[in-house]
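Notes for the one structure printed next.
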Amino acid sequence: MPLIVNKPVERMNGPYARRWWALLVLCLSLMISVMANTALTVAAPAMTRDLDLSSSDLQWVIDAYTVPYAALMLLLGAIGDKYGRRGSLVLGLLIMAAGGVAGTFADTSAQVIVVRAVMGFGAAMIMPATLSLLAATFPREERAKAITIWAATSGLSIAAGPLIAGVLLKDNGWESTFLINVPVCVVAVLAAYVLVPPSKAGDRGRIDYGGGVLSVIWSGALIYMIIDGPHFGWGKSAFTAAAIAGLGLLLFVWWELRHPRPILDVRKFAERAFAGANLAIAVFFLAVFGVFYYLTQHFQFVLEYDPLETGIRMLPLAFGVFLGAATTGALTPRLGARIMVTVGMVGGTTALALLIGTDGSSTYSDFVVPLALLGLSLGLAVSPCTDTIMGAFPESELGVGGAVNDTSLELGGSLGIAVLGSALASSYAANLTDETEGSKVPPEALEAAKDSVGAGNAVAQSFQEKAQQLTEQAANAGSPAEAAQLKQQAAEITQGSKQMADAVGSAFSDAVSQTSLIGAITLGAGALIVALLMPRKSAEPQPPAEEDPRPAEPQQAPVPTRAGR
């Protein structure tokens with residue numbers, strides 16, 4: 001076998017011999033895309049201090065990755081189907097690596113936001129390419145197992161990002177988190193040419209660029225609205241984005257229903273299995289990303305773990321995902337997707353319900369079981385959903401199928417951070433007001449502390465620094481009376497600092513409890529809808545007609561097809 005794989009997988013007579021090695025490359029590429037987002041959560045405090053980021057700046061540093069990532073996947077997935085899926089993967093990896101290098105030199109919030117947007121563009125090429133190449137490379141009888149490994153990697157990457165970032169932040173600045181992807185991208189690009197066969201749709205025809213542009217407009221506007229409205233208020237920009245998203249979606253559906261070769265056949269959403277699988281992924285990742293968003297803050301700001309310790313303490317989630325994915329591979333063929341997805345969503349609801357007990361006295365041990373159960377539930381649900389979604393698309397549209405799956409995931413994750421993050425912020429601010437009622441905290445300091453838990457800790461720290469300054473002045477005072485007065489002031493401010501820190505921790509812990517209740521209700525309602533929507537095992541959709549092996553003519557040998565391998 002040659003070192004560089006140049007023979008398209010569609011022209012191979014049988015299953016590609018090194019397909020499991022190819023899967024390793026695809027999973028590595030997937031991990032890069034996910035870790036680029038989750039690693040930033042533990043680097044956010046250091047970045048906020050060094051760049052003097054406002055809460056608005058920090059939000060856009062995080063979400064600048066999300067907007068192009070979610071908006072462009074469908075169009076870029078279709079382009080990859082037509083012109084080459086491996087090429088799309090490699091180009092996305094190179095863009096991601098370039099963004100990582102540029103991120104190490106960024107020294108303003110604007111520069112970091114631009115870099116994150118560039119990396120999101122690269123990820124929008126990588127994510128659908130990984131799923132489309134997986135589906136094209138593996139015969140149908142092995143595809144479910146390969147998707148299970150892919151889904152497990154996705155879940156593991158959520159926890160791996162903070163862990164690796166924590167290791168880097170131990171002795172380096174936040175810039176080092178951008179370098180996580182660079183060496184991995186280089187290895188993945190080289191391995192892609194050696195192990196991943198090229199693939200593209202043989203009968204894709206002309207791309208529906210009109211539908212593609214409309215998909216970018218409505219999904220991009222929707223993501224912007226999801227970010228802007230809950231975090232920065234429902235002002236003119238949020239309502240404008242909402243109007244554009246709504247009108248764009250209507251035009252998209254109208255266009256796709258009338259186009260002879262639509263970029264996405266929207267009629268698929270009338271199929272119960274397809275619609276249910278997409279809804280399950282969106283709602284589940286709403287919960288997972290929301291929990292991840294506020295627990296990483298709780299571990300760092302309330303329990304006072306450093307970034308590495310925070311990453312380590314998120315590992316029960318990763319172990320749970322691995323166990324759940326391993327289990328679903330054996331159980332889904334027997335029980336069916338509906339039961340597995342419903343059980344997973346009920347388990348996730350239970351995990352969030354356990355977090356409702358969070359309060360100011362909670363320790364890390366109180367979070368181990370909910371994290372492990374949430375990971376286990378995620379592992380059980382995601383693989384059957386992804387397999388259902390990918391099975392609804394013919395070979396010529398595998399990139400589009402991967403994009404639909406990943407867009408549902410990303411929309412859900414964005415909603416989780418925006419909606420649950422907004423609920424968290426509102427609850428924290430209200431709780432902090434109650435906790436400090438009757439105290440002598442200056443109004444301007446209280447307003448600053450209500451911005452975020454990090455800001456609250458900063459206010460408490462500023463009180464402590466003021467007390468330290470007064471203590472030093474007392475040591476150099478001109479008279480014993482003056483020294484005594486300064487020491488008394490320092491003691492009062494020190495006490496106020498401790499009270500402020502306790503109030504911030506208690507207010508945020510209660511906010512975690514209240515937000516978890518919202519997440520549990522949302523995921524529980526989603527589980528009920530999905531259970532009613534998805535068909536029973538016997539009613540699951542069959543593979544698309546064009547993937548069925550063609551019947552042999554009496555006088556001719558059967559025509560080989562990809563699905564017949």
Side-chain angles (χ1 to χ4, degrees), residues 42-55 57-58 166 169-170 173-174 294-310 313 358-367 424-514:
V42 296
M47 186 182 295
T48 300
R49 288 191 299 268
D50 289 355
L51 299 181
D52 193 25
L53 300 180
S54 66
S55 59
D57 292 335
L58 180 60
L169 290 169
K170 199 75 174 174
W174 57 265
Y294 58 72
L295 283 192
T296 51
Q297 293 185 67
H298 191 277
F299 289 171
Q300 291 186 81
F301 291 116
V302 178
L303 300 184
E304 298 182 344
Y305 294 124
D306 64 28
L308 176 57
E309 292 169 337
T310 297
R313 281 161 177 78
T358 303
D359 58 29
S361 64
S362 297
T363 63
Y364 172 69
S365 61
D366 297 310
F367 297 98
L424 180 80
S426 299
S427 298
Y428 164 72
N431 294 340
L432 186 60
T433 299
D434 294 340
E435 292 284 343
T436 56
E437 186 176 1
S439 69
K440 297 180 180 180
V441 178
E444 62 275 10
L446 178 59
E447 284 304 309
K450 287 162 63 176
D451 184 65
S452 67
V453 63
N457 280 351
V459 169
Q461 181 63 33
S462 70
F463 288 172
Q464 187 60 43
E465 292 172 355
K466 178 63 175 177
Q468 181 64 33
Q469 292 173 3
L470 291 173
T471 301
E472 293 173 356
Q473 291 175 17
N476 300 318
S479 67
E482 183 184 358
Q485 184 180 13
L486 290 171
K487 287 180 180 179
Q488 182 180 357
Q489 292 176 2
E492 291 175 354
I493 294 177
T494 298
Q495 181 65 22
S497 174
K498 184 178 184 305
Q499 291 175 349
M500 187 67 185
D502 291 343
V504 167
S506 179
F508 193 80
S509 297
D510 290 343
V512 167
S513 172
Q514 294 156 4

Applying side chain to side chain contact (heavy atoms under 4.5 Å, CB included), name anything that partners A503, two or more places apart in sequence or on another chain.
L432, E435, T436
Taken to the nearest 0.5 Å, the spacing of T296 OG1 from H298 NE2 works out to 11.0 Å
Run the numbers on Y428 and V504 for side chain to side chain contact (heavy atoms under 4.5 Å, CB included), then give the verdict.
CA-CA 8 Å; Y428 164 72; V504 167; 3.7 Å; yes
Might you work through the side chain to side chain contact (heavy atoms under 4.5 Å, CB included) test for T494 and Q464, ending with a clear yes or no?
CA-CA 6 Å; T494 298; Q464 187 60 43; 3.8 Å; yes
Distance from F508 atom CZ to S513 atom OG, nearest 0.5 Å?
12.0 Å
Heavy-atom closest contact (A501 atom, A460 atom, distance):
N-CB, 3.9 Å
Shortest non-hydrogen contact from G454 toward F301:
CA-CE2, 3.6 Å
CD/Q489 to NZ/K466 distance, rounded to the nearest 0.5 angstrom?
8.0 Å
Please report the interatomic distance CG(L303) to CG(D366), rounded to the nearest 0.5 Å.
9.5 Å
Rounded to the nearest 0.5 Å, what's the gap from CD on E304 to CG on N457? Could you check?
7.5 Å
Minimum heavy-atom distance between S509 and G360, given as atom pair plus value
CB-N, 3.7 Å
Contacts of D306 meeting side chain to side chain contact (heavy atoms under 4.5 Å, CB included) (sequence neighbours excluded), chain-then-number -> K170, L308, E309
Is it the case that more than 12 heavy atoms not belonging to E437 sit under 6.0 Å from its CD atom?
no
Centre of Y364's six-membered ring, under 6.0 Å away, within 45 degrees of the axis: is that where NZ or CZ of R313 sits?
yes
Using the test ring-ring contact (aromatic ring centres under 6.0 Å, His included), find all partners of Y294 that sit at least two apart in sequence or belong to another chain.
none
